[in-house]
Trainee: 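Handing you a structure now.
Because the structure is a prediction, the values reported are computed rather than measured.
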Amino acid sequence: SPTLINVTFRDNTAQGFGGGMRNWYNSSPRLTNVAFQGNSAGNYGGGLGNNENSNPTLTNVTFLDNTASLGGGLANQGNSSTTLVNGIFGGNSADYGGGMFNEGIYDSSMVKMSNTVFSGNYANNDGGAIENRGSILELRQVTVANNGAEGAGGGLNVAATGVPVERLQIFNSIFWGNMAAHGAQLSNVDPAAPVTLDHSLVQGGCPADVSCGEFLFADPLFEDAAGADGLFGTDDDDLRLQEASPAINSGDDAQVPVDELDLDQDGITDGELLPYDLLGYGRIYGAAVDMGACEWQEFYLFLPAIMR
């Protein structure tokens with residue numbers, strides 16, 4: 001269970017699990033300011049693969065241009081659970097789960113993500129950004145935009161497994177511009193895995209087989225989702241919100257997660273809400289938290305594109 005800070009895994013290859021890094025048999029590393037770029041795996045996790053009771057915690061971790069059969073950027077399988085705060089998945093590809101693949105069919109696994117962007121990821125079959133098979137999944141303040149799948153779920157695909165899932169929850173998030181043959185934004189074909197979606201923006205409205213609370217379906221008005229090069233999932237993408245975005249002040253403060261990874265390094269990890277957004281600015285600015293990974297700020301002057 002190592003601690004890794006300021007590390008880049010680039011252009012590595014594995015035949016099986018974890019092209020950049022593999023965690024297995026009770027390994028629970030802590031990764032901070034880590035990048036996985038251009039790695040590949042023949043099976044699970046082109047960038048990072050977790051299995052056999054491994055539970056990593058990830059802060060400011062980026063997955064760019066990784067490939068695998070299952071989970072181009074990240075894969076979680078075999079009773080493994082991942083917590084990620086401030087993550088970027090861009091330009092990854094796989095047969096299933098272009099950005100991330102989660103499997104909990106035989107053993108429970110759980111993935112919790114906040115302040116995270118999925119952009120320009122692609123699946124040859126299902127789950128352009130995320131493929132979920134029987135895993136507990138919690139997404140808060142997540143932006144899933146402009147991902148694609150040849151099959152189902154350009155943004156998120158919840159595959160049928162017949163295994164009851166304790167919870168699949170999406171709060172304060174944005175699903176926009178994703179494309180697929182079926183269920184472009186979110187596809188859920190598993191009656192044993194009910195999905196709850198609340199205070200989120202979803203193109204086209206509430207998806208089928210999803211329990212929706214408050215939601216929006218108007219254009220979120222990103223600053224420049226494709227960037228100057230016109231390609232999604234590259235380092236000039238800018239998924240901040242414009243000042244006129246309907247996603248501003250439209251989230252639910254009660255669903256902002258606690259700062260369990262101590263982003264502000266004040267030693268408080270119990271009860272304190274997540275203090276920052278993906279760019280390191282205040283997470284709740286104005287009347288309420290914004291939807292998506294980036295909180296709009298009145299003092300925006302110049303910020304780098306968030307994929308960089």
Side-chain angles (χ1 to χ4, degrees), residues 14 16-23 36 39-51 54 56 58 61-78 80-82 84 87-106 109-113 116-139 142-161 163 165 168 170 173 175 178-190 193 195 232-233:
F17 287 72
M21 179 181 185
R22 181 188 186 188
N23 303 309
F36 295 89
N39 305 287
S40 64
N43 200 341
Y44 288 81
L48 173 61
N50 304 306
N51 68 322
S54 294
L58 314 177
V61 176
T62 300
F63 300 87
L64 297 176
D65 303 321
N66 303 285
T67 62
S69 178
L70 303 170
L74 170 65
N76 302 286
Q77 183 261 350
S80 294
S81 299
T82 296
L84 171 60
I88 295 173
F89 292 77
N92 303 287
S93 61
D95 292 329
Y96 294 89
M100 178 174 70
F101 178 90
N102 307 317
E103 185 175 55
I105 299 175
Y106 306 109
S109 62
M110 179 172 65
V111 177
K112 297 191 295 182
M113 289 189 166
T116 295
V117 162
F118 289 83
S119 175
N121 302 285
Y122 179 79
N124 294 319
N125 293 296
D126 301 332
I130 304 169
E131 171 85 355
N132 201 77
R133 299 181 181 178
S135 291
I136 295 170
L137 179 64
E138 297 180 6
L139 303 178
V142 172
T143 298
V144 183
N146 305 306
N147 304 278
E150 290 294 318
L156 166 64
N157 183 58
V158 180
T161 65
V163 177
V165 179
L168 288 163
I170 302 169
S173 295
F175 284 74
N178 303 291
M179 300 183 67
H182 308 285
Q185 308 309 315
L186 194 159
S187 172
N188 179 22
V189 295
D190 191 351
V195 177
F232 298 116

Trainee: Go through Val189 and Val158 one step at a time and tell me if the side-chain contact (heavy atoms from CB on, under 4.5 Å) criterion holds.
Mentor: CA-CA 6 Å; Val189 295; Val158 180; over 6 Å; no
Trainee: As a quick check of understanding, evaluate side-chain contact (heavy atoms from CB on, under 4.5 Å) for Leu139 and Leu168, giving each step before the final call.
Mentor: CA-CA 8 Å; Leu139 303 178; Leu168 288 163; over 6 Å; no
Trainee: What's the spacing between Leu84 CG and Leu58 CG if we round to 0.5 Å?
Mentor: 5.0 Å
Trainee: At their closest point, which heavy atom of Phe17 faces which heavy atom of Asn51, and how far apart are they?
Mentor: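 It is CE2-ND2, 3.7 Å.
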Trainee: Mind listing the closest non-hydrogen atom pair of Asp190 and Asn188 along with its distance?
Mentor: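 What the structure gives for the nearest pair is N-OD1, 3.2 Å.
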Trainee: What's the spacing between Tyr44 OH and Gln77 CD if we round to 0.5 Å?
Mentor: 4.5 Å
Trainee: Apply side-chain hydrogen bond (donor to acceptor under 3.5 Å, both in side chains) to Asn50 and Thr82, showing your working.
Mentor: CA-CA 8 Å; Asn50 304 306; Thr82 296; 3.3 Å; yes
Trainee: To the nearest 0.5 Å, what is the distance between OG on Ser187 and CG on Asn132?
Mentor: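 With rounding to 0.5 Å, OG (Ser187) is 12.0 Å from CG (Asn132).
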Trainee: Give the C-alpha distance, both sets of side-chain angles, the deciding distance and a yes or no for side-chain contact (heavy atoms from CB on, under 4.5 Å) between Phe63 and Leu48.
Mentor: CA-CA 9 Å; Phe63 300 87; Leu48 173 61; 3.8 Å; yes
Trainee: Would a distance-only check, ignoring hydrogens and angles, find a side-chain to backbone donor-acceptor pair under 3.5 Å from Asn147 to Gly120?
Mentor: yes
Trainee: Do you know which two heavy atoms are closest between Ala94 and Gly72, and how far apart they sit?
Mentor: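 Taking Ala94 first and Gly72 second, the nearest heavy atoms are CB-N, 3.5 Å.
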Trainee: With rounding to the nearest 0.5 Å, note down the distance linking CG in Leu74 to CG in Leu70.
Mentor: 12.0 Å
Trainee: With sequence neighbours left out, what residues match Ala180 under side-chain contact (heavy atoms from CB on, under 4.5 Å)?
Mentor: Ala149
Trainee: Judged by atom type as modelled, is there a donor-acceptor pair below 3.5 Å linking the side chain of Asp95 to the main-chain atoms of Ala68?
Mentor: no
Trainee: Any heavy-atom pair between the side chains of Val61 and Phe36 that's under 4.5 Å?
Mentor: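 Yes, their side chains come closer than 4.5 Å.
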Trainee: Minimum heavy-atom separation for Ser109 and Ser80, please, with both atom names.
Mentor: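 Closest pair (atom of Ser109, atom of Ser80, distance): CB-O, 2.9 Å.
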Trainee: Under the side-chain contact (heavy atoms from CB on, under 4.5 Å) test, which residues partner Val111, sequence neighbours left out?
Mentor: Asn76, Met100, Asn102, Met113, Leu137
Trainee: Say you draw a straight line from CD of Glu103 to OG1 of Thr161; how long is it, rounded to the nearest 0.5 Å?
Mentor: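 Between Glu103 CD and Thr161 OG1, I get 9.5 Å after rounding to 0.5 Å.
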Trainee: Using every non-hydrogen atom in the two residues, find where Gly45 and Ala75 come nearest and quote the distance to one decimal.
Mentor: N-CB, 3.4 Å
Trainee: With a 6.0 Å cut-off on the ring centroids, do Tyr96 and Phe101 count as close?
Mentor: no
Trainee: Donor-acceptor check, side chain of Glu138 to backbone of Ile170, threshold 3.5 angstrom: yes or no?
Mentor: no
Trainee: Over all heavy atoms of both residues, which pair between Gly19 and Asn39 is shortest? Give the atoms and the distance, please.
Mentor: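 Taking every non-hydrogen atom into account, C-CB, 4.0 Å.
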Trainee: Using a 4.5 Å cut-off on heavy atoms from C-beta on, say whether the side chain of Asn178 contacts that of Leu156.
Mentor: no
Trainee: Decide side-chain contact (heavy atoms from CB on, under 4.5 Å) for Val142 and Phe118; before the verdict, give the C-alpha distance in whole Å, the side-chain angles of both, and the deciding distance to 0.1 Å.
Mentor: CA-CA 8 Å; Val142 172; Phe118 289 83; 4.1 Å; yes
Trainee: What is the distance from atom CG of Asn146 to atom CZ of Phe175, rounded to the nearest 0.5 Å?
Mentor: 13.0 Å
Trainee: Check whether any side-chain N or O of Asn92 sits under 3.5 Å from a backbone N or O of Asn66 as a donor-acceptor pair, and report yes or no.
Mentor: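 Indeed, once roles are kept as given, a pair shorter than 3.5 Å links the two residues.
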Trainee: Applying side-chain hydrogen bond (donor to acceptor under 3.5 Å, both in side chains) to Asn124 and Glu150, what does each step give before you reach the verdict?
Mentor: CA-CA 5 Å; Asn124 294 319; Glu150 290 294 318; over 6 Å; no
Trainee: Counting only N and O atoms by type, is there a donor-acceptor contact under 3.5 Å from the side chain of Ser69 to the main-chain atoms of Asn43?
Mentor: no
